[in-house]
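Notes to accompany the following structure.
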Amino acid sequence: MSKVRIAVFVSGGGTNLGALIKAQNRGILTSGEIALVLSNKRSAYALTRAKNAGIPTEVIIRAEEGGQEGFENKIKSLLDQYKIDIIVLAGFMTILSEQFTSAYPERIINVHPSLIPAFCGKGYYGLKVHEEALARGVKVTGATVHFVNEIPDGGKIIMQKAVAVKEGDTAEILQQRVMRLAEWVILPRAVQEVCKNIKGE
Ligand code: GAR
């Protein structure tokens with residue numbers, strides 16, 4: 001039976017992409033296959049990870065496409081070209097317009113490094129999320145995998161995992177713990193679950 005074709009959108013290091021590739025190799029992600037890695041930054045190390053795994057890559061730069069509309073139109077044509085069924089945002093550090101997200105209802109998945117609805121929405125991304133969690137003094141944080149809709153970090157929650165904040169944590173230390181214990185664990189599982197549902201298994 002054919003697999004659900006996944007496009008992973010990245011901007012940076014791509015450790016979450018790495019977790020998805022590993023899950024594919026280890027038979028955890030079985031109902032879907034990563035068919036494309038798309039970056040909005042040429043320097044993203046995630047592109048090297050994809051190439052090492054033999055996955056096709058594409059780079060689309062907003063400024064080179066004359067703005068958001070051109071950027072998203074180019075993305076859409078690539079998604080058609082690669083016959084993509086679902087999109088996974090794995091550290092994709094740019095917001096997609098409502099026009100784009102509404103074209104793929106429950107077909108775009110995002111991983112966010114907090115327990116939504118805490119520390120999320122516009123302006124909360126990457127290290128900033130952990131800095132805010134430490135500043136607020138929370139004792140528990142974590143990660144969330146959710147569907148993407150027109151509200152930043154506002155779509156239906158698929159999976160969450162809690163992670164303890166420890167005495168003396170820096171934002172960097174906390175970020176690493178949240179990635180290792182939560183993001184890299186629940187993202188592959190959530191993607192597998194969504195792919196399985198799409199196939200009706
Ligand atoms: C991850 O922590 C991811 O949750 C976060 O950026 C990091 C990307 O790391 N995403 C967001 O903050 C989105 N709002 P990676 O490139 O190593 O996967």
Side-chain angles (χ1 to χ4, degrees), residues 6-24 28-29 34 36-53 55 57-60 62 87-98 100-101 108-136 138 140-165 169-191 194:
I6 306 164
V8 183
F9 288 14
V10 296
S11 302
T15 64
N16 280 290
L17 169 67
L20 288 168
I21 294 170
K22 209 181 211 180
Q24 191 167 274
I28 292 163
L29 175 56
I34 307 167
L36 171 66
V37 170
L38 187 147
S39 175
N40 66 333
K41 292 218 160 62
R42 271 195 190 92
S43 59
Y45 181 69
L47 291 167
T48 305
R49 292 182 195 267
K51 283 175 191 148
N52 289 343
I55 300 166
T57 60
E58 298 280 355
V59 177
I60 308 178
R62 189 195 272 109
I87 299 162
V88 177
L89 308 182
F92 189 58
M93 299 303 189
T94 182
I95 290 192
L96 294 163
S97 74
E98 178 170 358
F100 186 91
T101 58
I108 311 177
I109 297 167
N110 181 44
V111 59
H112 182 77
S114 75
L115 293 174
I116 290 175
F119 311 114
C120 68
K122 207 164 178 278
Y124 283 96
Y125 56 86
L127 208 55
K128 174 90 179 153
V129 178
H130 304 289
E131 285 166 358
E132 294 291 329
L134 289 176
R136 188 62 187 82
V138 295
V140 175
T141 183
T144 303
V145 178
H146 64 94
F147 285 119
V148 174
N149 64 10
E150 70 287 358
I151 305 156
D153 298 323
K156 186 176 158 197
I157 292 171
I158 304 167
M159 231 175 252
Q160 288 188 303
K161 192 160 186 275
V163 173
V165 178
D169 270 353
T170 62
E172 288 81 4
I173 291 171
L174 185 57
Q175 180 182 49
Q176 278 306 310
R177 189 180 310 119
V178 168
M179 282 179 158
R180 184 169 52 83
L181 299 181
E183 296 186 47
W184 302 340
V185 178
I186 63 171
L187 181 64
R189 284 191 199 156
V191 171
V194 170

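Ligands are counted one by one from 1 in listed order, and the atoms in each one are counted from 1 as well.
- In this structure, Phe92 and Phe9 have perpendicular ring planes: the angle between them is above 60°, well past the 30° mark.
- Taking CG of Leu187 as the start and CD1 of Ile109 as the end, the distance is 7.5 Å to the nearest 0.5 Å.
- Annotation: side chain of Val10 is not in contact with side chain of Arg49 (no heavy-atom distance under 4.5 Å).
- With sequence neighbours excluded, no residue satisfies side chain to side chain contact (heavy atoms under 4.5 Å, CB included) with Ala164.
- The shortest side-chain heavy-atom distance between Glu183 and Pro113 falls under the 4.5 Å cut-off.
- Taking the charged nitrogens against the carboxylate oxygens, Lys128 and Glu132 do have a contact shorter than 4.0 Å, which makes a salt bridge.
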What are the distances between nitrogen or oxygen atoms of ligand 1 and protein nitrogen or oxygen atoms, counting only those under 3.5 Å?
| residue | atom | partner | partner atom | Å |
| --- | --- | --- | --- | --- |
| ligand 1 | 2 (O) | Glu183 | OE1 | 3.1 |
| ligand 1 | 2 (O) | Glu183 | OE2 | 2.9 |
| ligand 1 | 4 (O) | Glu183 | OE1 | 2.7 |
| ligand 1 | 4 (O) | Glu183 | OE2 | 3.4 |
| ligand 1 | 12 (O) | Gly126 | N | 2.8 |
| ligand 1 | 14 (N) | His112 | ND1 | 3.3 |
| ligand 1 | 16 (O) | Gly14 | N | 2.7 |
| ligand 1 | 17 (O) | Gly14 | N | 3.4 |
| ligand 1 | 17 (O) | Thr15 | N | 2.7 |
| ligand 1 | 17 (O) | Thr15 | OG1 | 2.7 |
| ligand 1 | 18 (O) | Thr15 | N | 3.3 |
| ligand 1 | 18 (O) | Asn16 | N | 3.0 |
| ligand 1 | 18 (O) | Asn16 | ND2 | 2.9 |

